[in-house]
Amino acid sequence: MSLSPLQSRLAASLLASLLVFVLYFLVASPQLAAAQELDAHKITYNDISLEVQGQLYEPDFPQFDRSIIGRAPSSFTSLINNVASDTNVQINNTALFVFEISSVSVRTEQETAELRRAALPEEDASEAAIERRQSPRTLYISANTCQQPKRIGDNNNAEVPQLVLYISNSTDNTSPGPDQSAGKQQRLVFKEGAIVYNTTLRGDVYFSVFAPNVAADKFDATASPYSVQVAASIDEPYHSYSNVRRAELVWIDSDASATLLTTKNVTSSPSELLSTPPYIMFAQNRDDMTINGMRNSYCGLSKWAQMRQLYDGKSRIKTGLRVDSLTNMTRQEFYLDGLNSSSRYMGFLASYQEPGSKRDVPGGGGVVLRQTDFETKPDGACTVIFNLTLCDGLQYAAPGNTTLFPDSQSLAAFYDNYTQTMYSNFDKALQQVACDAPPEGQWSLVRNCTDCRRAYKDWLCSVAIPRCEDFSSTDRPNLQMRNIKAPFANGSFVDQALLDKYGDQLAYTSSRNPAIDLQVQPGPYKELLPCDDVCYNLYQSCPAALGFGCPVPGSIGFDTSYGKRNPDGSLSCNYQGSANNIPSAAPVSLLPPHGIFCFVLVVLAAVLA
Ligand SMILES: *[C@@H]1O[C@H](CO)[C@@H](O)[C@H](O)[C@H]1NC(C)=O
Ligand SMILES: *[C@@H]1O[C@H](CO)[C@@H](O)[C@H](O)[C@H]1NC(C)=O
Ligand SMILES: *[C@@H]1O[C@H](CO)[C@@H](O)[C@H](O)[C@H]1NC(C)=O
Ligand SMILES: *[C@@H]1O[C@H](CO)[C@@H](O)[C@H](O)[C@H]1NC(C)=O
Ligand SMILES: *[C@@H]1O[C@H](CO)[C@@H](O)[C@H](O)[C@H]1NC(C)=O
Ligand SMILES: *[C@@H]1O[C@H](CO)[C@@H](O)[C@H](O)[C@H]1NC(C)=O
Ligand SMILES: *[C@@H]1O[C@H](CO)[C@@H](O)[C@H](O)[C@H]1NC(C)=O
Ligand SMILES: *[C@@H]1O[C@H](CO)[C@@H](O)[C@H](O)[C@H]1NC(C)=O
Ligand SMILES: *[C@@H]1O[C@H](CO)[C@@H](O)[C@H](O)[C@H]1NC(C)=O
Ligand SMILES: *[C@@H]1O[C@H](CO)[C@@H](O)[C@H](O)[C@H]1NC(C)=O
Ligand SMILES: *[C@@H]1O[C@H](CO)[C@@H](O)[C@H](O)[C@H]1NC(C)=O
């Protein structure tokens with residue numbers, strides 16, 4: 001029986017493979033004298049192993065190679081591409097690692113071969129493969145601190161010393177560390193528990209992680225030694241941190257026990273749809289210093305952060321995707337409850353592999369994005385609401401009552417129902433205007449009913465659902481006291497001096513929207529007034545027959561009804577889509593109409609009529 005061409009090629013390959021292997025074994029001394037020679041061997045060796053790949057020799061070649069050659073002393077951890085190693089490091093000690101170039105050549109050439117078999121004619125492909133072999137690759141070395149010595153005692157604000165990474169690419173220094181001379185290695189101190197380094201992969205790379213000495217009266221390094229996760233990759237850094245991904249976390253608003261945060265767009269086009277949220281989040285009270293020193297470390301945050309949202313479903317962090325109704329762009333929202341009042345927190349957006357997927361993949365160590373700070377309000381007068389139906393862009397704290405509406409959802413349902421009722425009344429009124437008439441019959445050539453509906457919606461949402469701050473927040477422009485005659489939740493009342501001064505003014509003693517006083521019964525609160533352009537836009541977009549009007553700055557009623565946007569874009573008044581710490585879009589330039597004004601309550605009444 002004769003061999004088929006494939007079989008004979010295989011046989012030849014096998015034979016060659018064995019020969020080369022023996023040759024390699026004989027020639028390669030532990031010192032590996034000439035690098036060029038070694039490379040030559042490897043090329044042959046790799047080519048041959050390629051040919052048999054998938055047919056006979058699937059078992060791990062690099063492992064075999066290493067055990068025979070036995071170059072790395074046993075105290076080294078020999079790292080494999082994209083496979084992390086977790087290890088404890090006692091103080092004053094060094095954990096040694098090696099990344100052997102031979103551990104990647106085979107595997108990657110196999111991949112190249114598979115690709116070229118699929119895509120290219122044989123000859124071109126081998127040229128491409130040779131070229132690829134000749135251009136050196138980048139090796140990424142990265143590490144995360146997973147545990148650090150615990151602080152001892154109260155009021156201990158001492159910074160935990162950071163781990164140190166030593167790297168050597170020379171066989172003269174195979175155990176880099178603090179006792180080697182500086183000329184033979186590089187020394188890099190971790191930043192907040194993380195390090196990401198890259199180097200050109202031309203030979204084996206030796207590196208180590210050194211745990212520095214810590215003050216024995218400040219830290220307990222015995223019960224809680226340093227622990228580090230180290231990885232090497234030729235694809236991309238296994239661990240990374242900071243602004244490496246598009247979206248960042250934006251704080252929207254808080255109440256006394258909860259907060260809402262969002263990412264920026266997580267999709268790059270309106271047609272892109274996501275089924276699972278791409279990010280997770282960690283948060284920590286700033287008074288608790290446990291994670292200080294590990295704030296760039298995915299491993300550290302995922303083990304120690306006070307609030308963690310891993311894929312275990314048991315978290316105080318709720319998350320979901322929101323598609324903006326105007327732009328169809330998707331954002332990811334995070335709602336955190338169970339927070340302490342008057343507290344400062346730090347939040348971290350992070351990305352990680354899908355649940356259940358393998359960790360041993362490029363980037364498998366996770367990405368930590370820049371820290372976002374947020375704080376909670378002191379009293380319970382306001383409750384963060386979001387996820388409303390009509391006011392779909394609304395996300396901020398509104399006047400609440402933790403007795404009558406114990407959670408955000410129940411309060412949101414109240415405002416949702418209220419605004420929907422108002423809107424449907426408005427819509428009935430609008431239909432009586434020549435709305436669906438052809439352009440000639442419409443009231444305006446520039447604005448139509450779609451514009452009017454949108455303007456009304458934005459206005460209604462901003463006016464009927466006040467953006468609420470606690471009564472104790474410091475006075476500033478556009479912050480209007482409301483409901484000052486009502487008792488606080490603890491039964492006490494607003495200062496008598498304030499009551500004497502404003503107690504007879506409706507704008508101070510009631511909410512703008514009477515349903516709030518009747519049904520929600522919040523205590524005294526302050527409202528961040530809606531921006532006046534929200535009203536002008538309504539006035540300009542809707543038929544005059546509906547009777548909308550806006551107060552002019554300086555007129556009676558303006559100061560307690562609307563605010564003006566700050567030219568610098570900071571949050572100075574309320575509009576749909578406003579957030580706490582992103583500068584809003586440039587102010588809309590709309591000239592206030594003259595001679596017409598009408599109070600909001602009148603407008604609401606007109607709409608109801
Ligand atoms: C670590 O080294 C420092 C100085 O070399 C020494 O003072 C300290 O006692 C050492 N600590 C431990 C736990 O070995
Ligand atoms: C080792 O690293 C240094 C820079 O740190 C570089 O200049 C040198 O070429 C490297 N040597 C090898 C063999 O890769
Ligand atoms: C390698 O690191 C340097 C800084 O140390 C950086 O400028 C460079 O972009 C990195 N290269 C790659 C391929 O990531
Ligand atoms: C999000 O997408 C919208 C619509 O394309 C765009 O106007 C906005 O600038 C984007 N925001 C960010 C932060 O990319
Ligand atoms: C928003 O509401 C929808 C249903 O109306 C719900 O499925 C989703 O979980 C809510 N999002 C959050 C973050 O609660
Ligand atoms: C958003 O999606 C809806 C429904 O798929 C579509 O009708 C609308 O045109 C889209 N809007 C934009 C701005 O892409
Ligand atoms: C709230 O405060 C208590 C006491 O200071 C603290 O133990 C707890 O961790 C805090 N909880 C949160 C979520 O900040
Ligand atoms: C009652 O609550 C208000 C606001 O939350 C606060 O300013 C006031 O000091 C409290 N009064 C007492 C007696 O605790
Ligand atoms: C919804 O609002 C209308 C009018 O404001 C009110 O009559 C009705 O009782 C509300 N329904 C619910 C379920 O709150
Ligand atoms: C209303 O005007 C906008 C442009 O301002 C236009 O895109 C839209 O199609 C118009 N709608 C109707 C129903 O005419
Ligand atoms: C909330 O509602 C309850 C029950 O109607 C009322 O006693 C209390 O004063 C209200 N206000 C606050 C701020 O809780």
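Just follow the structure's listing: the first ligand is 1, and inside any ligand the first atom is 1.
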* Geometric class of the Y456/F548 ring pair [parallel <30°, tilted 30-60°, perpendicular >60°] -> tilted
* Structure fact -> dist L430:CG -> Y423:OH (nearest 0.5 Å) comes out at 8.0 Å
* Asked: Got a salt bridge between R482 and D517, using NZ or NE/NH1/NH2 to carboxylate O under 4.0 Å?
  -> no
* To do: Would you check the N or O atoms of T138, main chain and side chain alike, for any that come under 3.5 Å of an N or O of ligand 3?
  => no
* Asked: Are any of the N/O atoms in Y418 less than 3.5 Å from those in ligand 9?
  -> no
* Please verify whether a non-hydrogen atom of Y140 lies at under 4.0 Å from ligand 3. => yes
* To do: Drop me the distance from N198's CG to S233's OG, to the nearest 0.5 angstrom.
  => 11.0 Å
* To do: Enumerate the residue pairs fulfilling disulfide (SG to SG under 2.5 Å) with a member in residues 379-431, sequence neighbours excluded, ordered by first and then second residue.
  => C382-C468, C391-C461
* To do: Using side-chain contact (heavy atoms from CB on, under 4.5 Å) as the criterion, list what pairs up with D337, not counting sequence neighbours.
  => A258, R316, K318, Y335
Could you check ligand 8 for N or O atoms lying under 3.5 Å from protein N or O atoms and list the pairs with distances?
from	atom 1	to	atom 2	distance (Å)
ligand 8	2 (O)	N490	OD1	3.3
ligand 8	2 (O)	N490	ND2	2.5
ligand 8	5 (O)	D379	OD1	3.3
ligand 8	11 (N)	N490	ND2	2.9
ligand 8	14 (O)	N490	ND2	3.1

* **salt bridge (Lys or Arg N to Asp or Glu O under 4.0 Å) contacts touching residues 179-197 (sequence neighbours left out)** => E192-R295
